[in-house]
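Okay, so here's the structure we're looking at.
Here the structure is a predicted model, which means the values were calculated and not measured. Note on naming: letters A, B, ... go to the chains in the order of the sequence lines (proteins, then strands), and numbering restarts at 1 for each one.
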There are 2 protein chains.
Amino acid sequence: MENLVKYVWIVFCASIVALGFAFFFYRRMLKEDEGTPTMREIAAHVRKGAMAYLKQQYKVVTIVFVILAVLFLVMSIFHLQNGVVWFAFLTGGFFSGLAGFLGMKTATYASARTANGARQSLNKGLQVAFRSGAVMGLTVVGLALLDVSAWFLILNGTGLLELVGEHATLTTITTTMLTFGMGASTQALFARVGGGIYTKAADVGADLVGKTEYNIPEDDPRNPATIADNVGDNVGDVAGMGADLYESYAGSILSTMALGAAAFATIGAEMQMKSILAPMMIAAVGVILSVIGIFIVRTKEEASMTQLLKALSRGTNTAAILIAVATFGIMYVLFKDSTDIVWWQVSLSVVVGLLAGVIIGKSTEYYTSQSFKPTQKVAESSQTGPATVIISGIGLGMISTVIPVLTIGVAIILAFLCANGFQIEFNAINLSKGLYGIGIAAVGMLSTLGITLATDAYGPIADNAGGNAEMSGLDPEVRKRTDALDALGNTTAATGKGFAIGSAALTALALLASYVEEIKMALERIGTSVLDLGDGRMVDTANASLIDFMEYYNVSLMNPKVLVGVFIGSMMAFLFCGLTMNAVGRAAQKMVEEVRRQFQEIKGILTGEGTPDYARCVAISTKGAQHEMLLPSILAILAPIVTGLILGVAGVLGLLVGGLGAGFVLAIFMANAGGAWDNAKKYVEEGNFGGKGSDNHKATVVGDTVGDPFKDTSGPSLNILIKLMSMVSIVMAGLTVAVHLL
Amino acid sequence: MENLVKYVWIVFCASIVALGFAFFFYRRMLKEDEGTPTMREIAAHVRKGAMAYLKQQYKVVTIVFVILAVLFLVMSIFHLQNGVVWFAFLTGGFFSGLAGFLGMKTATYASARTANGARQSLNKGLQVAFRSGAVMGLTVVGLALLDVSAWFLILNGTGLLELVGEHATLTTITTTMLTFGMGASTQALFARVGGGIYTKAADVGADLVGKTEYNIPEDDPRNPATIADNVGDNVGDVAGMGADLYESYAGSILSTMALGAAAFATIGAEMQMKSILAPMMIAAVGVILSVIGIFIVRTKEEASMTQLLKALSRGTNTAAILIAVATFGIMYVLFKDSTDIVWWQVSLSVVVGLLAGVIIGKSTEYYTSQSFKPTQKVAESSQTGPATVIISGIGLGMISTVIPVLTIGVAIILAFLCANGFQIEFNAINLSKGLYGIGIAAVGMLSTLGITLATDAYGPIADNAGGNAEMSGLDPEVRKRTDALDALGNTTAATGKGFAIGSAALTALALLASYVEEIKMALERIGTSVLDLGDGRMVDTANASLIDFMEYYNVSLMNPKVLVGVFIGSMMAFLFCGLTMNAVGRAAQKMVEEVRRQFQEIKGILTGEGTPDYARCVAISTKGAQHEMLLPSILAILAPIVTGLILGVAGVLGLLVGGLGAGFVLAIFMANAGGAWDNAKKYVEEGNFGGKGSDNHKATVVGDTVGDPFKDTSGPSLNILIKLMSMVSIVMAGLTVAVHLL
């Protein structure tokens with residue numbers, strides 16, 4: 001055992017390495033020139049606005065965190081939860097927020113520098129933006145691994161759990177650590193929803209008046225909502241995404257650790273420890289490979305777009321291929337002597353996860369890029385007006401769910417079978433091992449997040465650089481270059497989204513099993529040591545398998561409680577999207593009124609003689625986002641608690657599965673429909689079907705505007721919603737077990 | 001037993017009474033004057049187009065039916081299904097199609113007569129339209145009860161089942177009869193999808209060019225797509241709805257009969273027979289009460305809108321209250337001596353179903369009527385353009401899923417508990433009785449379909465009457481009256497939709513249990529007489545309970561096959577909607593091109609001097625609908641078969657639950673968003689936010705156009721999809737049990 005703990009230290013060191021490189025890239029970026037005084041000034045405005053928003057957001061979130069932490073503390077007093085949970089929860093939230101904050105801080109420093117780099121050359125711009133994106137990527141994975149490894153070392157090495165009256169078994173340790181995942185999820189949901197509402201209210205508001213009514217270009221300094229729009233890119237697309245992926249990454253590792261500890265509990269601590277180490281080690285090696293990949297990304301001075309894309313792909317592909325190879329090595333080292341897990345088989349589960357992520361990413365690209373038929377068809381439908389643009393975009397989005405769902409379906413089955421030695425027979429051991437395989441497939445999918453996130457985060461930086469270039473009145477050539485970088489970012493972002501959405505489905509599955517594991521502990525905690533399975537069999541709670549719990553709580557599809565849970569879960573996904581859609585609509589409407597007012601009341605805005613009141617628009621977005629993010633987020637936390645109190649464990653599992661099924665599909669639908677609308681507009685702007693300024697173009701602008709909250713607010717929040725509901729259920733399991741109406 | 005069979009004869013007689021009154025109303029309607037020669041001519045055009053379409057549609061559908069019937073025949077040769085199924089399937093399809101055909105025939109004769117009646121007075125118009133709607137209502141329930149009772153009498157009284165080598169137990173009889181439900185569902189899906197694509201392609205096409213580009217009013221004879229539009233109302237809203245509700249009605253009765261036979265199989269044939277009789281008797285009494293309700297609907301000669309609405313409500317409410325009272329009587333007669341079912345408790349299940357339908361209807365009304373805040377807010381958002389209209393409509397639709405889902409959730413639990421004597425404990429007996437309660441709640445919800453469908457079907461008749469009045473150049477006052485009737489129809493239709501959607505969820509749940517029952521028979525048929533439950537218990541297949549089967553096939557939420565099934569089921573709902581949305585988009589685009597072409601090429605159309613080529617538009621809609629309806633419908637049939645062949649029983653149950661969860665919520669979302677957009681446009685047309693012709697109005701027209709396929713094509717088809725997938729699974733159970741990969 002002791003010699004295995006050294007591996008955790010390796011993980012800890014890898015996290016330090018990641019953070020070190022993040023700091024290195026950050027320093028290097030700061031050394032770049034920020035350009036003209038105007039560029040600096042605008043960047044400072046955006047930075048100030050973004051920081052002010054984040055500060056405001058953290059205030060609100062802190063209140064929610066304190067309330068929840070107190071609740072967990074109270075629960076621990078009543079033996080409904082252990083005494084470490086409240087603190088683990090807080091650290092998860094803190095680190096998730098920190099990841100978003102640091103990423104955003106970097107982005108706000110990088111945008112003017114990227115614009116300035118683009119004044120030199122496309123390649124220079126790419127370098128600055130991509131390396132700044134890498135700060136975010138490495139910060140996210142570094143902080144996550146730091147939190148995971150440090151907590152493990154503390155709970156395993158010190159007597160903290162014994163201190164609060166728990167046995168420090170590996171099962172208890174890993175399940176306790178899951179609550180740190182709940183902290184991350186809660187923070188991520190607020191960041192995504194708040195940031196998403198902020199950015200889209202500003203974006204939609206700026207476009208509706210500026211572009212549509214006054215025919216002035218995007219990011220024009222005459223538009224009062226411009227600064228708010230650029231702030232929004234930072235708080236939504238950067239800080240929101242950072243917190244989101246921190247949550248995905250940490251969640252997949254934590255749930256797989258918990259599954260490993262549970263699956264091999266009867267076999268012995270060493271096997272448990274190894275299965276806990278596997279996901280951490282894959283992640284740690286993935287971090288190092290990501291750093292290597294980041295360094296690989298470089299092109300010739302006068303590179304074409306295709307060459308740029310190739311440069312980025314080379315980085316991500318190298319990292320992905322190397323991690324696939326390295327996985328076999330890691331698994332060999334850990335499991336070469338094991339008969340319970342065959343090292344190359346479980347390695348295949350990881351590869352399955354990686355491949356599934358790639359396929360989903362390719363499918364996203366196919367359905368949302370204007371280089372392919374589907375999006376071109378949406379653009380074509382603009383010939384019959386905005387209504388048909390909307391209809392065809394919705395049709396496209398719905399149809400685009402097929403490949404990702406089938407891919408995940410096949411991946412689930414394959415990862416399951418690979419990990420349990422291709423045993424189709426359904427028994428407790430095969431099930432536990434198989435679920436572990438599904439969890440580790442998710443870890444594999446996210447293992448190279450360090451670099452995929454870098455290619456993802458660099459998009460909004462390039463976008464902001466374009467805004468800065470436009471507002472500073474730089475040469476149009478600069479804007480063209482930043483636009484090219486931005487477009488490139490859209491393609492790589494599609495792959496990134498594939499990983500995020502795919503891993504969410506797999507992680508959520510793994511969390512279902514963790515929930516049942518937590519139920520087991522909760523039962524033991526309240527003194528239910530024997531389960532009466534109803535068919536005459538009595539099982540010790542401590543030795544009960546997942547299947548026994550399914551029987552004990554009648555979690556079959558014939559139980560009306562399960563079915564009602566499924567209905568409510570499906571409904572929650574829609575309700576959540578509806579609330580966030582409306583929130584964007586309302587906030588955008590206020591923004592429109594304000595921008596219209598300024599155009600009418602402040603003289604000389606349109607001629608460039610008067611200065612718009614940027615600050616008021618920033619204030620409107622901030623207030624709107626803060627006000628509107630609370631209800632959907634709190635509902636997401638309450639739904640599993642209330643369902644548990646009424647319908648019990650079976651109802652909660654139904655809720656989670658219903659939310660997962662409908663939420664996953666709805667998320668793909670919304671993301672792809674939104675992406676296709678965006679690019680259909682770009683396709684028209686490129687000169688097709690009448691080009692910029694035509695009626696067809698206006699019709700596609702309507703699609704793009706509708707797509708904004710689809711793809712940047714409601715859609716991406718669903719991933720987090722699914723996992724947050726699972727996390728809340730896990731943390732609240734003690735309450736559900738102790739108190740339920742039916 | 002024999003004295004119980006007489007009750008079935010009562011049901012049979014009730015069906016004859018319903019059909020008799022349908023014929024009576026039909027004859028009376030025919031006696032009305034059809035108006036001026038122009039009116040007659042236009043009506044004849046529409047009738048011809050509608051009949052031509054239906055003929056074409058039935059040709060295509062017949063091919064599908066023949067293929068499926070042959071497949072069932074082949075399956076029966078291999079003992080994978082019994083030898084009556086193929087024929088039962090055909091009759092279900094035939095009667096469903098017949099119900100739609102007769103309803104539509106009536107509607108096409110009634111529209112000119114309604115317009116002519118409206119020339120006299122509002123009340124006269126209402127009488128003609130409503131009584132014609134009643135023909136449809138009574139035909140649907142009459143044919144359904146005729147088919148159900150006749151089949152039961154044949155299978156029970158003759159040796160037909162023995163002839164094909166089956167034991168003619170009540171369980172076999174009722175499960176065999178379910179396949180007649182599959183026939184009805186298949187027919188209904190084609191009717192809804194084909195009709196839905198037809199009507200919306202014509203509607204969207206007519207509006208986009210006529211209203212938006214040329215600013216001519218709706219139903220203007222100068223618009224080449226006008227006749228196609230009016231034909232569409234008949235084939236989609238009348239024939240499609242008729243087939244749809246026939247399927248819902250028959251499906252709820254058949255599945256409840258099957259549940260009753262299964263639930264009381266161990267108690268004895270008499271109890272089984274009584275529980276089979278209960279749903280039939282409620283339906284039979286409901287038919288008679290519906291006729292009474294229809295006669296109650298009459299108003300003073302110069303009635304106001306409110307009085308008209310009251311008149312209709314009086315009819316439906318009287319029928320609903322009387323059926324609630326009568327239910328207690330029926331249950332008392334059947335179960336007064338029973339200790340297994342307490343008569344007043346199971347009656348409460350029926351009342352729960354009735355109430356749930358009413359609540360969902362009210363909620364639909366609240367979210368889609370311009371008298372209430374939500375739709376007014378959508379209208380208000382038109383001030384910032386079409387994009388915000390779409391965003392707010394989607395937001396509204398998504399949020400509007402909450403009340404229906406919670407209502408159905410509560411109804412499921414209550415109906416379950418009422419029927420099993422309020423036993424929370426989960427065991428085989430409580431479960432079977434409880435599921436029977438859920439089934440009978442669905443029957444209760446639909447028991448007064450005869451009259452609710454009359455109030456539903458009269459809407460499109462009034463709509464068509466308006467078209468006829470417009471095209472015949474009648475006094476604008478006539479059009480105003482038909483518009484008032486149409487608006488009234490929208491309100492009552494909301495209630496009708498509530499019943500349709502709510503009953504679909506309950507029926508689908510009941511069908512899950514029937515599926516497991518069919519699995520049992522399939523196992524016996526292939527000779528698996530003992531089940532090894534894996535935990536050491538061995539159970540005779542014949543005596544195995546639903547819970548045993550859940551254990552045998554591991555249908556728990558931890559089984560990856562179940563979870564993959566849930567994903568695929570959720571995806572199917574979206575894919576189906578995506579395909580039908582795109583189908584409408586494509587067909588509408590062709591229509592737009594044709595209408596534009598005619599306006600440009602045929603001289604004098606706009607001045608009224610040239611005659612548009614109506615027939616070509618009719619042909620385009622017909623061809624588009626026929627072409628586009630096949631893929632989604634065939635996918636719906638194939639999905640459960642393929643899932644079964646790969647993932648087996650557990651996967652199929654997952655698929656059904658996933659499809660039910662996501663499909664139910666998606667259906668409400670689409671129906672309500674579409675309804676709200678429609679009425680938001682009407683609200684603006686009533687003079688709010690700028691009124692007709694303003695930019696705001698144009699923005700709401702975009703919403704309305706998007707909403708058309710939402711509420712009339714994709715949304716309403718989902719109900720059928722959910723049930724068809726269940727029905728296919730049931731009929732294909734033999735194959736799934738015999739052959740599956742995993």
As a test of understanding, state which of [options] forms a side-chain contact (heavy atoms from CB on, under 4.5 Å) with [X].
X: A:I413; options: B:I646, B:V564, B:L741, B:L563; result: B:V564
X: B:L575; options: A:I399, A:V665, A:V405; result: A:I399
X: A:L557; options: B:L656, B:V562, B:V516; result: B:V562

Considering residues, nucleotides and ligands other than B:D695, do more than 12 of their heavy atoms fall under 6.0 Å from its CG?
no

Answer yes or no: are there more than 12 heavy-atom neighbours, outside B:D532 itself, under 6.0 Å from its atom CG?
yes

Identify which of [options] forms the greatest number of heavy-atom pairs closer than 4.5 Å to chain B.
options: A:T705, A:V584, A:V555; result: A:V555
options: A:G585, A:A588, A:P560; result: A:P560
options: A:F576, A:F416, A:F426, A:F669; result: A:F426

Is chain B contacted by the side chain of [X], its backbone, both, or neither, given a heavy-atom distance below 4.5 Å?
X: A:L653; answer: both
X: A:M670; answer: side chain
X: A:R537; answer: side chain

Name the option with the most non-hydrogen atom pairs under 4.5 Å to chain A; the candidates are [options].
options: B:N559, B:I668, B:L533; value: B:N559
options: B:V592, B:V702, B:N554; value: B:N554
options: B:S556, B:G703, B:P709, B:G205; value: B:S556
options: B:T580, B:L435, B:L666, B:D704; value: B:L666
options: B:G385, B:S381, B:G707; value: B:S381
options: B:L660, B:D548, B:T388; value: B:L660

Checking [X] against chain A: side chain, backbone, both or neither under 4.5 Å from a heavy atom?
X: B:L208; result: side chain
X: B:M550; result: side chain
X: B:F710; result: side chain
X: B:I547; result: neither

side-chain contact (heavy atoms from CB on, under 4.5 Å) assessment of B:L406 paired with A:M571:
CA-CA 9 Å; B:L406 293 183; A:M571 178 269 279; 3.9 Å; yes

With the side chain counted from C-beta on, respond yes when [X] and [Y] share a heavy-atom pair under 4.5 Å apart, and no when they do not.
X: B:I412; Y: A:F567; result: yes
X: B:R596; Y: A:T384; result: yes
X: A:V657; Y: B:V657; result: no

Specify the closest pair of heavy atoms between B:A662 and A:S570, including all atoms of both residues, with the distance to one decimal.
N-OG, 3.8 Å

Considering all heavy atoms, the nearest B:M398-A:C577 contact
SD-CB, 3.5 Å

Say you draw a straight line from CG of B:L546 to CE of A:M558; how long is it, rounded to the nearest 0.5 Å?
6.0 Å

Interatomic distance, CZ@A:R586 vs CD1@B:I391, rounded to 0.5 Å, equals 12.0 Å

Dump the intermediate steps for side-chain contact (heavy atoms from CB on, under 4.5 Å) on B:V566 and A:V566, then the final yes or no.
CA-CA 10 Å; B:V566 169; A:V566 169; over 6 Å; no

